[in-house]
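Structure, as structure tokens:
All chains are named by letter (A, B, ...) in the order of the sequence lines, taking the proteins before the strands, and each is independently numbered beginning at 1.
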Amino acid sequence: MLELAKAYEPGKVEDRIYSRWLKNDAFHADPDSTKPAYSIVIPPPNVTGVLTMGHVLNNTIQDILARRARMTGHEVLWLPGTDHAGLATQTAVEKALRKPDQLPPTVKEMLDSFKLPADTKLTRQNIGRENMIKLIWAWTKDRGGIIIEQLKKLGCSCDWKRERFTLDENYLKEVQQVFVELYNKGYMYRGLRMCNWCPASLTAISDEEVEMKPQKSKLYTMRYEIAEEPGRFVEIATTRPETLMADTAVAVHPEDKRYMDLIGKHAIRPFPKTNIPIIPDDYIDIEFGTGVLKVTPAHDKNDFEIGQRHNLPIINIMTADGHIDCPDVPELHGMERFQARDKAAELLDSMGQLVKIDAYDNNVGFSERGKVPIEPRLSEQWFLKYPKIKESLEAVCSNETEKKVIRFFPTHWEKTYAHWLENIQDWCISRQVWWGHRIPVWYRKNTQEEITETVASIERPQGEGWEQDPDSMDTWASSWLWAYATMDERTRKKFYPTSVLVTGPDIIFLWVARMIIAGLELEPGTSRQLKDHIPFKDVYFTGLIRDGKGRKMSKSLGNSPDPLMLIKKYGADGLRFGLMRIAPKGQDIRFDEKQIEEGRNFANKLWNACRFRTMQGEIDPTANPFNENHQLSPFAHHLLASLEDLLTTVEEAFNKYEFNTASSAIYSFVWDTFCSRFLEVAKADFNNKDSLTRSGTLATIDYTINHVLRLLHPFMPFITEEIWTELGFCGTSNTSILFTEYPQPQKKLNANQKLAHRTQQLYETLDRGRALRAEFQIPTNQKVVMKLKLAQNAEIDDHDIDILSGLLHTSELKIVKTALSKTPSVITPIGDLYLPLEGVIDVDQERARLEKELAKAQADLERENKKLQNEAMLKKAPAEKVNTWRDIADKAKDKITKLKKSLDNL
RNA sequence: GCGUGCUUAGCUCAGUGGUAGAGCAUCUGGUUUACACCCAGAGGGUCGUAGGUUCAAACCCUACAGCACGCACCA
């Protein structure tokens, strides 16, 4: 047997252990296995991303589930991979191209091979579609996979041989096939619609990718003259004067008495000067502003709808990149949109048509990627009319157990999910982005460039003149198939639907809801029951990790700690365990490095406890304190009874995904019950090896370590594997702890509860005695004589007295028959414990101490008496409770009597 | 405006009806057969406010306040 190294050094064993697991193919998921399947889904991280605390949280939880599932006899599939993250990656490369000198060598090489003229500005337009895609591939290959290596450092037990990328050939085909299928079913359509346009990225984005931000804006009030009544003006409030060139009407509420007579007349738009009709529309809020709205159908979603209702012309005065395109107003033409805003106000002012400018708080939609305000823009895009909305709703929110086939943890996310589905809008799925899955639609045009034929197909259709749609799909239109498009038929048969999805609630719409819809609509095999169509059975929503000030962690704030640095400093196990202890089910987490330090400290504690054991001789990996001819001490019974409780707690916590409950329970068992209590007591016997063996103490320790290591393995995979192997629990076959059985609660309690209780009383006595010493500031290293007057029914033997004596650091613990006076004492479960002090005791100090104890006892008595004197309470409360109260009251009474006597004797 | 979550010790948070808890921080003592990433002890809380239900409320209900987030937004 090997002894453990003197100190636990996080970061030293991880790589070695992980490569051993990989070498043994330990995470392989066998589709032909006869074991029950357990499969898990996690959002594939961006291929060029790096590990964030969010990933650490998700993946730790996922890994805990995976490892425990293996240990409970499941065949586990955790299929890893990365997402191409279309727009995000393309934008990143475009940005990198601005500093060509700093490009990774492989990318630079690729770029050079294009032989662009030396003075070419490196925009994607200048580079061209085909070459740009080549460049991004090169970038992806250079930068990609970093996060995969980082996940390994964290200990993730993924089946790496199955690693997928959302642009893999097979995956790409699945995505396009799904598009074709939905097109043929009539769900996918192309239309000229108002969409969210990002003027920075030059693409449309979906509603879900627009982030509303409060802004300090200005509200401009301007006045337009009435064409039919020269000299009469209407006042109009707007936040966007720069779009007035595109106004094609002025609208008022049909029942607004102030303006009713104007309906049908015309207002004079100041520039370019023209008459625009005054129209009635219910949409207008009489209360807001002046009650008059300028209608700009080309540049506002609501105005567009008003325009549709009234057949208004649509005038577009803005370029794709957010500049004014209106040659008729040369002062503004070509100007950037926000500069044009000020300029337009100036123009109005110079014409005497600007009434006032008010400060105004409103919300403006920003593009998540481009970080600029989105521009409502009319454009031709592909849309998905979502199928299976009702079914998706029922699958999660139905009151009928049969229909509710997906469980959310915590359940309150069901409401958010339902709200989205109930108000769902068609999904703008096309992106004017090159990096991604190209829309599998082909057009044939006539000589006037009009589309005459449209075909959806992965392959180019037969015949001449077919052109593919230039757009690609939203990234989420590929990742929404992740759960099943990553599997082949054989794998799917075994592992689909998956068991659990772990993710943050921030992508509940972008990903979770859409996966459910896709699963219900697309999964082949219509003969199966509904539950077989869902992509996953349980969804566990993690909380968000925030910084110490409660802010979201983000790159721009720079408030996100580097997980790799944390791993280096505290070990992957410390990071994982520390995080799990503070991650209650689905609540946001305020991150504090101290908590990771605690995780590391715990690993150290575990290590040292095991090291301590190795110093006492050979370990028996199969030790069973119950089975052999041991005369188990009450202390052992106490420990084993606690262990049994722990198993139950952990089992129940796992069933509810309460990782903090499970980890905290193990923590306090190991630290307090096992180390501080049991091992300290056991030390008393360690000088007598024979008695140790006979009493089963060593067997109890080995049995406990054996259980604790396995209990902890999902949380702390590395250190548990290391100790497991080093201490020989792996046996001669050298079995990894990965493949051992997870400790389950025992059906029948083996430990003697009565003896366990007796030990509990001894422990409490010990605590009281230590407190007494501390109260009189007797240094730990100073031996004193203490005396004990046993209570009548105290169960205690000489061995117990020896133990107590040792742990109380007494030179002698003397049993006395009569109560002592003028001697500091405490009342303990087994009797009165005295600390006879040499010389004179400080009467005032002792009085103060006794009075404090008296007050506490009196408070206890009062509280319980209040209950016991309440007749209604006695009548209605269960007898068991009443007995407890009585018991507390009796003890308090007894204590009060004794304390009063001591006080009198002072 | 609608919805969700939170409000418990100085800090970070557990605690789903019956004696208010942990870690950190603070203070005191400590070279004990592993561990100073440690050991032993102490102080510190009218559980956001106000009502209600109940024999009994930190916990269930209602209202309110504050904070956070999500959705929808009025030009």
Side-chain angles (χ1 to χ4, degrees), chain A residues 4 6-8 10 207 212 219-220 236-240 251 283-285 287-296 300 302-303 360 362-363 410 412-413 415-416 419-420 423 505-506 508-509 543-544 546 548 550-552 570 574 581-582 584 586-592 594-595 597-616 660-661 664 667-668 675-676 679-680 682-684 686-687 766-767 770-775 777-782 806-807 809 859-860 863-864 866-867 870-878 880-882 884-885 888 892:
Chain A
L4 288 178
K6 173 98 175 86
Y8 164 66
D207 295 343
M212 300 304 281
L219 187 63
Y220 302 84
I236 305 173
T238 181
T239 50
R240 304 201 62 190
Y283 170 77
I284 313 304
D285 181 353
E287 306 291 319
F288 189 86
T290 60
V292 186
L293 172 73
K294 75 186 202 52
V295 185
T296 323
D300 184 280
N302 291 314
D303 290 12
Y360 184 59
N362 65 345
N363 287 311
H412 68 78
W413 290 110
K415 284 198 176 175
T416 308
H419 185 258
W420 183 74
N423 297 282
D506 47 333
I508 184 169
F509 311 136
L544 291 177
R546 301 172 174 283
R551 298 173 304 179
K552 242 178 169 170
Y570 302 109
R581 274 191 74 211
I582 54 157
Q587 294 290 350
D588 287 0
I589 297 158
R590 249 177 224 232
F591 179 78
D592 185 347
K594 282 269 175 220
Q595 290 151 335
E597 197 180 324
E598 262 177 55
R600 191 258 332 246
N601 293 353
F602 178 63
N604 183 59
K605 189 73 182 176
L606 178 69
W607 181 272
N608 277 296
C610 293
R611 193 166 84 90
F612 179 57
R613 171 60 187 87
T614 64
M615 296 163 96
Q616 314 308 326
N660 66 323
T661 307
S664 301
Y667 179 97
S668 88
C675 293
S676 297
L679 287 185
E680 289 306 318
K683 277 177 185 174
F686 275 150
N687 44 17
L766 173 63
D767 290 344
R770 281 169 166 170
L772 182 63
R773 283 183 59 120
E775 197 80 41
Q777 300 190 334
I778 302 191
T780 320
N781 56 356
Q782 188 184 326
L807 292 174
H809 296 111
D860 282 350
R863 189 188 57 236
E864 300 309 319
K866 219 168 143 189
K867 291 188 218 164
N870 184 334
E871 272 185 45
M873 212 162 198
L874 288 184
K875 230 192 274 173
K876 298 211 175 179
E880 190 193 336
K881 287 285 169 201
V882 177
T884 317
W885 303 334
I888 297 168

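If you check every strand for non-hydrogen atoms under 4.0 Å, A:Y220 touches nothing. Residue contacts shown for A:K875 are absent, as no nucleic acid heavy atom lies under 4.0 Å away. Among the heavy atoms of the strands, none lies under 4.0 Å from A:E287. A:W885 comes within 4.0 angstrom of a base, heavy atoms only. As judged by a 4.0 angstrom heavy-atom cut-off over every strand, A:N423 is placed among residues making no nucleic acid contact. A:R546 comes within 4.0 angstrom of the backbone, heavy atoms only, and of no base. Here A:I284 lies in heavy-atom contact (under 4.0 Å) with a base. Counting non-hydrogen atoms under 4.0 angstrom, A:D592 reaches nothing in the nucleic acid. The residue A:P878 sits close to a base: some heavy atom pair falls under 4.0 Å. Here A:R770 lies in heavy-atom contact (under 4.0 Å) with sugar-phosphate atoms only. Within 4.0 Å (heavy atoms only), A:K415 reaches sugar-phosphate atoms of the nucleic acid but no base atom. A:D285 comes within 4.0 angstrom of a nucleotide base, judged by non-hydrogen atoms across all strands. If you check every strand for non-hydrogen atoms under 4.0 Å, A:S676 touches sugar and phosphate atoms only.
Base pairing annotation: B:C35 forms no Watson-Crick or G-U wobble pair, as no partner gives both donor-acceptor distances under 3.5 Å. B:C27 is paired with B:G41 under the Watson-Crick or G-U wobble criterion, all donor-acceptor distances under 3.5 Å. Across all strands shown, the partner of B:U62 is B:A50, judged by Watson-Crick or G-U wobble contacts whose two distances both fall under 3.5 Å. Pairing partner, B:A20: none, since no Watson-Crick or wobble contact has both distances short of 3.5 Å. B:C71 is paired with B:G1 under the criterion used here, namely a Watson-Crick or G-U wobble arrangement in which both key atom distances are under 3.5 Å.
When the C1' atom is used for both B:C74 and B:G1, the distance is 12 Å, rounded to whole Å. Comparing B:U16 with B:A56, their C1' atoms are spaced 16 Å from each other, to the whole Å.
Side-chain nitrogen and oxygen atoms of A:N660 include none within less than 4.0 Å of the OP1 or OP2 phosphate oxygen of B:C13. Within the 4.0 Å cut-off from OP1 or OP2 of B:G18, not a single side-chain nitrogen or oxygen of A:K881 is found. Put simply, A:Y667 has no side-chain N or O that comes within less than 4.0 Å of OP1 or OP2 on B:A22. For the OP1/OP2 pair of B:C13 and a distance below 4.0 Å, the side-chain nitrogens and oxygens of A:R590 include at least one atom meeting the criterion. Within the structure, a side-chain polar atom (N or O) of A:K605 is placed less than 4.0 Å from OP1 or OP2 of B:C39. Contact between the side-chain N/O atoms of A:N362 and the OP1/OP2 oxygens of B:C74 is not found at any separation under 4.0 Å.
Under the 4.5 Å side-chain criterion, counting only non-hydrogen atoms from C-beta, A:V882 is in contact with A:L874. Looking at A:T239 and A:N362, their side chains come closer than 4.5 Å, going by heavy atoms from C-beta outward. Within the 4.5 Å cutoff, the side chain of A:W607 has no heavy atoms near those of the A:C610 side chain.
In this structure, A:R546 fails the cation-pi test against A:F591, since its NZ or CZ atom is not both closer than 6.0 Å to the six-membered ring centre and inside 45 degrees of the ring normal.
Taking the six-membered ring for Trp and the full ring otherwise, A:F612 and A:F686 have centroids separated by under 6.0 Å.
Contact of A:K594 with B:A25 (side chain to base): no donor-acceptor pair of N or O atoms is detected under 3.5 Å. For B:A34, the base has a donor-acceptor partner in the side chain of A:E680 [N/O atoms by modelled type, under 3.5 angstrom].
Taking atom NZ on A:K683 and atom P on B:C39, their separation rounds to 10 Å, with Å as the unit. Atom CG in A:D207 sits roughly 11 Å away from atom P in B:C71 (whole-Å rounding). Atom CD in A:E597 sits about 14 Å away from atom P in B:A36, given to the nearest Å. One atom, CZ of A:R611, and another, P of B:C37, lie 14 Å apart when rounded to the nearest Å. Taking atom CE of A:M873 as the reference point, atom P of B:U54 lies 14 Å away to the nearest angstrom.
The CG atom of A:L293 sits 7.5 Å away from atom OG1 of A:T296, with the distance rounded to the nearest 0.5 Å.
Between the A:N608 side chain and the A:R611 main chain, no donor and acceptor come within less than 3.5 Å of each other.
Taking only side-chain atoms of A:N601, from C-beta outward, the nucleotide of B:A56, B:U19, B:C37 with the closest atom is B:C37.
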A:H809 vs A:T780, side-chain contact (heavy atoms from CB on, under 4.5 Å): CA-CA, chis, key distance, verdict: CA-CA 7 Å; A:H809 296 111; A:T780 320; 3.7 Å; yes

